[in-house]
Number of protein chains: 2
Amino acid sequence: MGTPTSLPSNKTIFKKGELAKYLYRVESGCIRAYSKLNGGRRRIHAFYFPGEYFGLETSEVHSIFVETVEPSIVHLVKRKALVSRSALDIDIVNFLLHITTMELQRIQNHNLLLLKGVPERLVDFLREIQRRYQSQSEVDLPMPRSDIADYLGLTIETVSRAFTRLKKLQLFPC
Amino acid sequence: MGTPTSLPSNKTIFKKGELAKYLYRVESGCIRAYSKLNGGRRRIHAFYFPGEYFGLETSEVHSIFVETVEPSIVHLVKRKALVSRSALDIDIVNFLLHITTMELQRIQNHNLLLLKGVPERLVDFLREIQRRYQSQSEVDLPMPRSDIADYLGLTIETVSRAFTRLKKLQLFPC
DNA sequence: CGAGACATTGAACCCCCTCAACTAGTGTGG
DNA sequence: CCACACTAGTTGAGGGGGTTCAATGTCTCG
């Protein structure tokens, strides 16, 4: 279901303020969603991986920016079609409720992450990536340090140092 | 709709791991929802004020702790009744979708709050309280400093110092 | 009055940020 | 092929803001 679209790296999918026409499903690649903070800083709310949905909005316009991290394929589903069908089809509403709930859970976890110590944040992040890629082996991260930093609420230097410490202690298979 | 229940101050409404039997609506008072972090620390996710809903859960059991902050009256709605009716009544599902979306929005705002500077966090917090109480005048806060600290991701000392600075500068009507 | 909870204030420390230098990989043009 | 530039990442030194620890203040309730 939906139209598959192939996108290059660092390609804007939608911007804050634009009309929210679609709901998106990641087929392959990696997506980042972020806000711009006062002070020119950037806050990454989420990464989306294959099989996951994004573009969910509470209003008619997007409240965040979304881009590809690496070359990706995404499926587009028209919101209008969903909304009009949801008036008749209870499964559609339940589907929307389900992905909204998933999003809620994800954000709550992210929230808790930001209270932990630096090494724990990074380890949690790596573990979650691994889990969501459904990979037992090592995952090479698709996103640069700056993305990780903005997701973990740190600077790239702190992230880099945390990686080095982790590698030295060999506490995590990188 | 729902059964009204009167509760004293600092009364547990439900704990993590308990069966999620009800959806709750605040009639009067103030409610806090929190998680316990490793290290004995506490993270307050949200306060709920009159007219707002809580107890929303993604699974069958509660994932957080919820208590009264002050003497409160809450209405209980049986989840089972909601769920069984939602299979037939699309308005119920839409209602659930709506309060889930509200919750999502609230958490996103809270998330952004934690990246700001200390004085801004406090001001934002006070403004939000004022807004949600629908009060133009001063609001005396129902919760102790420790609750505010755990909500803003700070210590009680830092919160106290921020209050003092705010009062001295008279930037906020306290 | 004294006890206990809550709040405020001060001093020292620690951790992360900032600024800066350096390395490594990649691509471009002469 | 080499020189240069550009980007991403790493590492070091210094400074600042929040935490920690400790003392004091304030209020209520016995």
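A note on names: the letters A, B, ... follow the listed sequences, proteins ahead of strands, and every chain is numbered from 1. What's counted below: heavy atoms across the whole structure, side chains too, no hydrogens, waters or symmetry copies.
For B:Lys11, the NZ atom sits in a loose shell: 12 or fewer heavy atoms of surrounding residues, nucleotides or ligands are nearer than 6.0 Å.
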B:His62 and B:Glu18: side chain to side chain donor-acceptor pair (under 3.5 Å), yes or no, with the steps? CA-CA 6 Å; B:His62 288 295; B:Glu18 287 184 1; 5.9 Å; no

Any chance you could lay out the ring pair (Phe, Tyr, Trp, His ring centres under 6.0 Å) test for B:Tyr34 and B:Phe47, step after step, and finish with the verdict? CA-CA 9 Å; B:Tyr34 65 92; B:Phe47 296 104; over 10 Å; no

Would A:Tyr133 and A:Phe49 count as a ring pair (Phe, Tyr, Trp, His ring centres under 6.0 Å) here? Give the steps. CA-CA 7 Å; A:Tyr133 267 121; A:Phe49 301 109; 4.8 Å; yes

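Side-chain atoms of A:Arg106 and A:Asn111 form no donor-acceptor pair, as typed in the model, at a separation below 3.5 Å.
The CZ-P distance, from A:Phe163 to D:dA8, rounds to 16 Å in whole Å. The CD1-C1' distance, from A:Ile156 to C:dC19, rounds to 12 Å in whole Å. As rounded to whole Å, 15 Å separates atom P of C:dC6 from atom CE of B:Met143. Residue B:Leu166 contributes atom CG, which lies 17 Å from atom C1' of C:dT9 at whole-angstrom precision.
Among the nucleotides C:dA7, D:dG9, D:dT10, the one closest to the side chain of A:Lys167 is D:dT10.
Looking at B:Ser6, its side chain never comes within 3.5 Å of a backbone N or O of B:Ile73 through a donor-acceptor pair.
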Nucleotides 16-22 of chain D: protein proximity per nucleotide (B base, S sugar-phosphate only, - neither; heavy atom, under 4.0 Å): --SBBBB

